[in-house]
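The chains referred to below are lettered A, B, ... by the order of the sequence lines, with proteins before strands, and numbering in each begins at 1.
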Number of protein chains: 2
Amino acid sequence: MMTIGEAAGATGVSAKMIRYYESIGLLPKAGRTQGGYRTYGHTELHDLRFIRRARDLGFGIEEIRKLLDLWRDRERSNTEVKAIAQRHVEDLERKIADLTAMRRALSHLAACCAGDGRPDCPILEELGA
Amino acid sequence: MMTIGEAAGATGVSAKMIRYYESIGLLPKAGRTQGGYRTYGHTELHDLRFIRRARDLGFGIEEIRKLLDLWRDRERSNTEVKAIAQRHVEDLERKIADLTAMRRALSHLAACCAGDGRPDCPILEELGA
DNA sequence: GCTTGACCTTCCTACGATGGGAAGGAGTAT
DNA sequence: ATACTCCTTCCCATCGTAGGAAGGTCAAGC
């Protein structure tokens with residue numbers, strides 16, 4: 001059995017976030033020592049690593065909640081899991097497209113700006129047009 | 001002279017955000033009518049459009065604050081503007097790279113998942129590995 | 001046993017940008 | 001005068017994460 005700090009070190013999820021995930025019901029309430037310290041065992045560490053990986057893939061808390069439920073359900077249907085994943089892929093693609101449009105517009109403007117110390121600046125001209 | 005709602009309609013910046021920008025000092029305090037309504041003229045509309053365009057390019061408030069200051073400064077050096085823009089381009093590229101990595105990993109997993117209603121699911125297997 | 005220091009507890013605050021809504025006043029058209 | 005739209009300020013929520021304060025617990029060394 002580990003303390004919250006050890007579990008944090010072992011999973012890469014900060015102690016702060018572990019308490020937060022518990023507080024919003026993403027994780028079941030952790031066991032406690034006599035002194036009131038939270039305790040973490042194999043199952044709990046697994047959940048934490050699961051959450052960590054899902055966060056790394058950009059899933060939001062509510063999506064992770066569903067994924068954890070599905071993971072715990074032996075009778076689950078992979079159709080639902082795949083749907084969640086595909087929705088998230090589309091979400092990522094939308095965000096990538098937005099950022100890419102910004103980057104393209106802005107790097108074009110930056111390329112047009114001499115950057116030679118004079119006041120003339122196509123970037124500001126465009127913003128102030 | 002326009003009211004805040006008219007200025008919002010004319011610039012695409014919501015009345016809420018106009019008040020917010022004023023409250024954080026991004027915009028100077030607007031003039032007021034006798035009744036206490038904020039008033040907006042040419043200069044103010046220009047600033048609002050400037051902010052709107054900069055937001056559309058993904059600049060944060062503090063960057064916009066600097067850009068607005070530079071815009072107002074006739075003695076400005078385009079070197080500084082270009083540096084801000086290039087830093088932001090790099091920021092965008094980092095975000096794009098992060099999201100792209102997520103999308104690649106996740107769409108690979110989704111492609112490996114049959115989605116045929118059975119419990120077997122490479123996505124959950126990977127998250128729970 | 002006692003002290004020290006590391007770790008834990010809860011609770012509050014903040015971020016960045018935006019939106020929602022309540023309560024009440026201003027302006028305008030009939 | 002009435003009714004309606006718009007304005008005002010103020011508070012709260014989002015989402016995930018981090019910082020800090022005040023106080024309790026635990027283990028190691030003396």
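At C:dA26, none of the side-chain N or O atoms of B:R32 fall inside 4.0 Å of OP1 or OP2 (strictly under the cut-off). Phosphate proximity of C:dC8 to A:T3: present, with a side-chain N or O under 4.0 Å from OP1 or OP2. Proximity of A:R38 to the phosphate of C:dC8: no side-chain N or O atom is located under 4.0 Å from OP1 or OP2.
The two residues A:D120 and B:N78 come nearest to each other via the heavy atoms O-ND2, 2.7 Å. Looking at every heavy atom in both residues, A:V81 comes nearest to B:L124 through CG2-CD1, 3.7 Å. Closest of all the heavy-atom pairs between B:T100 and B:I96 is OG1-O, 2.6 Å. Nearest heavy-atom pair across A:S77 and B:G117 is OG-CA, 3.4 Å.
Taking a cutoff of 4.0 Å between a charged side-chain nitrogen and a carboxylate oxygen, B:D91 and B:R87 do not qualify as a salt bridge. The pair A:K66-A:D69 fails the salt-bridge criterion, with no side-chain N (NZ, NE, NH1 or NH2) lying under 4.0 Å from an Asp/Glu carboxylate O. Ion pair B:D56/B:R53 not flagged as a salt bridge, since none of the NZ, NE, NH1 or NH2 atoms sits closer than 4.0 Å to an Asp/Glu carboxylate oxygen.
The closest side-chain heavy-atom distance from A:F59 to A:H88 is below 4.5 Å. By the 4.5 Å heavy-atom criterion applied to side chains, B:E44 and B:T11 are not counted as neighbours. The closest side-chain heavy-atom distance from A:Y21 to A:V13 is below 4.5 Å.
Each of B:E62 and B:T33 was assigned the nucleotide of DNA chain C with the nearest heavy atom; the assignment lying further toward the 5' end belongs to B:E62. Summary of the strand contacts: B:I61 and B:Q34 both lie near DNA chain C, and taking for each the nucleotide with the nearest heavy atom, the more 5' one is attributed to B:I61.
In this structure, A:D56 atom CG and D:dT17 atom C1' are separated by 14 Å, rounded to whole Å. If you take CG of B:L26 and C1' of C:dT18, they are 15 Å apart, rounded to a whole angstrom. Rounded to an integer number of Å, the gap from CG of A:L48 to C1' of D:dG16 is 16 Å.
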Using atom names, set out every protein N or O paired with an N or O of nucleotides 1-5 of chain D below 3.5 Å, distance rounded to 0.1 Å.
none

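DNA chain D lies under 4.0 Å from at least one heavy atom of each of the following residues of residues 10-24 of chain A: A:S14, A:K16, A:M17, A:Y20, A:Y21.
Interface remark: the A:Y37 side chain does not form any donor-acceptor pair with the D:dC26 base, using a distance-only criterion of under 3.5 Å.
The 12-atom threshold is exceeded at NE2 of A:H46, counting heavy atoms of other residues, nucleotides or ligands nearer than 6.0 Å.
Comparing C:dT9, D:dT8, D:dT17 by their nearest atom to the side chain of A:R55 picks out D:dT17.
Axis angle across the helix from C:dG1-D:dC30 to C:dT30-D:dA1, with five pairs used at each end and values rounded to 10°: 20°.
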